[in-house]
Structure formats: structure tokens, C-alpha cells
Number of protein chains: 2
Amino acid sequence: MQDPFECTPTDHQHCISSALARAESLCRQQQVRLTPMRRRVLELVWQHHRPVGAYALLEQLQQQGRAAPPTVYRALDFLQSQGLIHRLESLNAFIGCAQPHRPHQGQFLICQSCQSLAEITDDGIERAIDAGARTAGFTPSNQMVEIMGTCASCRQQGATDV
Amino acid sequence: MQDPFECTPTDHQHCISSALARAESLCRQQQVRLTPMRRRVLELVWQHHRPVGAYALLEQLQQQGRAAPPTVYRALDFLQSQGLIHRLESLNAFIGCAQPHRPHQGQFLICQSCQSLAEITDDGIERAIDAGARTAGFTPSNQMVEIMGTCASCRQQGATDV
DNA sequence: CTATGTAATGTTATAATGTAACACTACATG
DNA sequence: CATGTAGTGTTACATTATAACATTACATAG
């Protein structure tokens, strides 16, 4: 398994371009339009490659012309509806989804030390949540799981010097 | 198991007063001060008995004198630090915790139909999350689990008339 | 009992996040 | 070309949260 927290600069260009390619293909399949604005916002999200707020994206858009909050939020809403990005509720931020092809909700590992984030898709977690909810007479439609802690590389460093 | 979504008016008075009594006792134990303001905010949170926003609480406080946002947020921070309330990230809202004596994080069942909320504490979920995170080389310290769906009573009604 | 320090609250202003409402433009289709 | 719908622009505002500093309450040492 590739460490989801690691990404060299070279990888990173690849991350971005392959994410955009996947998005193009997925939107064609779904017959929805990945307009220039939507594509641009998705590109910016992937450039960060960590949770990024709507207003940070807005500032970047404003460096190349005018833009206002609704424009960003609309693009983000669209991207989210297509599963191309996830929203992190505990951070009010967004991140690109690496597996937009198969619908999922994902669980998020948020490193409190380096602010990096990894997405996992763990059937065991999803099943446990589903079972727990149903035991309480509740019919779940959607799960949000955000896990705060320390990523592997921060833990190694932190073991001595933090 | 008592249905966490149900609470008659009579029960409700009992909910509030017993929550306050538990809070008093817990704060004495912890040697922290449940000041009148903090107590009042906790009481208001319990009066709602569903997720309530900081500004809704603020408005209520303002009906009995002046109050400003920092006052409410400080009280909420304190209550949260003592485990007396939980913050629901996906709703930007707060709710009283029914088991403040044993530290826990809880999982939240949010009914999208009636906006009620139930807290469960499911070891299976917590273990699955812990295991899933560790498999990814991540050391979790804290979990946020918010589950959207339909509560039992809404589902019964909704089966026919929604 | 007063002095002193810390915790808690008051107060003002502002930051950060998000949306409503309406105008305009682009684009597909009849 | 006419028309409708999706997408974007624009303005204004709503909602949520915090920074910074003043003041008050309260415990404890002297």
C-alpha cells in the first residue's frame, strides 16, 4: 500500500494531472459538464493536496481575474456531488478524492502535527457503523468519519524531538 | 434500551435537572468551576435537547441581560472540555452529553427528517476505527463519527406518508 | 483584612465561512 | 433563430467564530 501521506514533487504533478484526467472521464460518463471553472477549482484542490478552505481557493482564483464566494462554492458543490472531492466537516475544508470512480464516503485520517490528510475506505468501519446505527433503530444513509491523530512519519520524528 | 429519540415533557424536566446535577458533581470531582454562566448555558443546551447553535443560545441569554458571542463560546468550550457537551461538526451545533462521567467520544445519529439526534457509544465502531487507522500507520487520538439517516419513528411514518 | 495573582467574564471589533437573490451568458435543442 | 436550461457574475448579507483588551470575581499569601 502506498503511503497516502507521502507525495514527492514529481509524484505531485502526476497526482494532479491524473486526477484531472479521471475527472474528465468520469464527467463524460455521467454526462455532466466539467466546465473550465470547475476544472480549475478541482486543479487547485489537488495542487494543495491537503485540506483547503473555500476562501483559500477563492484567493487563488482572484489572482487571475475576479471571483466571488458563490462561484467557488458552486464549483465545490458540483465536485462534491460527483464524488470528486470530499468535504471535511471538522476543518471546514475540502480535499480531492483519489477514487471518484466508485462511490464511497471514506474515512479521513487527519494528522494534527503536519496537517496532512489521508483517506481510507475501510469496509470494517463502514459495517460497524451501519450495524451500530441499526441496533439503535436508526437507518443510516451517510457516514462521516474523521479521525484525528498522528501520521506515521510525524510519530517517528515526534518520538524523540517533540 | 430507552429510545434516545423519545422524551416526554415530564421526562424532559428530569433530563435537564439530572444533567445539571451530574454536571455539578462532576465539576466538584474535577475541581473545576461550574460558574452560573456555564451552568446556565448547559441548562439551555439541555432544554433544547437537540443540536443547538451558539447563536441560538446567545439569543436566549440576551433575553435576560446582555451577552456577546465570546461569552457563549467560552462557556461551550469549557463544557466541552469537561465532556458535558459534544460539538457536532457537521451541524455547527452542540448537544448535551448524557454520560459525562466516563470519557468518551460517542457516535451521533442525526435524523434528517426530524432533526433529532441520538448519541450512541459503540465499542465495535471505536475498535474498527482504531484498527483501520493503525493499519494505515496512523495513531488515532480522537474520532468524529456523525451518521445521517432516519430515526425509527420517522421511518415508520415516512413509510407511508412521506 | 488587604494585596496580589489568576480565572472568568464583559466589550468591541472583526475574521472566517457560507448563502440568497437576481442579472447575465453560454450552449444545446427544437 | 427562438427558446429553455445550466452555469456564472455580482451584490449584498447571514451565520459562525475569534482576537484583543478591559473589567470583575475569587482564592490565597502575607
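The chains referred to below are lettered A, B, ... by the order of the sequence lines, with proteins before strands, and numbering in each begins at 1. For the numbers below, each heavy atom of this structure counts, side chains included, while hydrogens, waters and symmetry mates do not.
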E119(A) side chain near H86(A) side chain, heavy-atom distance below 4.5 Å: yes

Within-4.5 Å side-chain heavy-atom neighbours: Q99(A) and R22(A): no

Single-linkage hydrophobic cluster, 4.5 Å side-chain cutoff, F94(A) and L117(A) together: no

Below 4.0 Å: OP1/OP2 of dT9(C) and any side-chain N or O of T35(B): yes

Interatomic distance where CZ belongs to R40(A) and P belongs to dG9(D) [whole Å]: 13 Å

Sugar-phosphate, base or nothing in reach of R74(A), heavy atoms under 4.0 Å: base

Polar pair under 3.5 Å, donor/acceptor by atom type, side chain Y55(B), base dA17(D): yes

Q64(B) CD to dG10(C) C1', straight-line distance once rounded to whole Å: 17 Å

Minimum heavy-atom distance S116(B)-C151(B), with the two atoms named: OG-SG, 4.3 Å

Whole angstrom value for the distance that separates P of dA14(D) from CG of L58(B): 16 Å

P69(B), nearest nucleotide to its side chain (from dT18(D), dT9(C), dT10(D)): dT18(D)

Length of the line joining R39(B):CZ and dA8(C):P, which is rounded to integer Å: 17 Å

Interatomic distance, L61(B) CG vs dT11(C) P [rounded to whole Å]: 13 Å

Distance, rounded to the nearest Å, where Q31(B) contributes CD and dT28(D) contributes P: 10 Å

Side-chain N,O (R38(A)) to OP1/OP2 (dG7(D)) below 4.0 Å: yes

Residue mapping more 5' on DNA chain C - nearest nucleotide basis, N92(B) or V32(B): V32(B)

Interatomic distance where CG belongs to D77(B) and P belongs to dT18(D) [whole Å]: 7 Å

Cluster check L91(A), L91(B): I/L/V/M/F/W/Y, side chain < 4.5 angstrom: yes

Value in whole Å for how far the C1' atom of dC26(D) lies from CE of M37(B): 17 Å

Sugar-phosphate only, base, or nothing, as touched by R87(B) at under 4.0 Å among non-hydrogen atoms: sugar-phosphate

Y73(A) aromatic ring stacked with six-membered ring of dT19(C), 5.5 Å and 30°: no

A54(A), nearest nucleotide to its side chain (from dA17(D), dG10(C), dG18(C)): dG18(C)

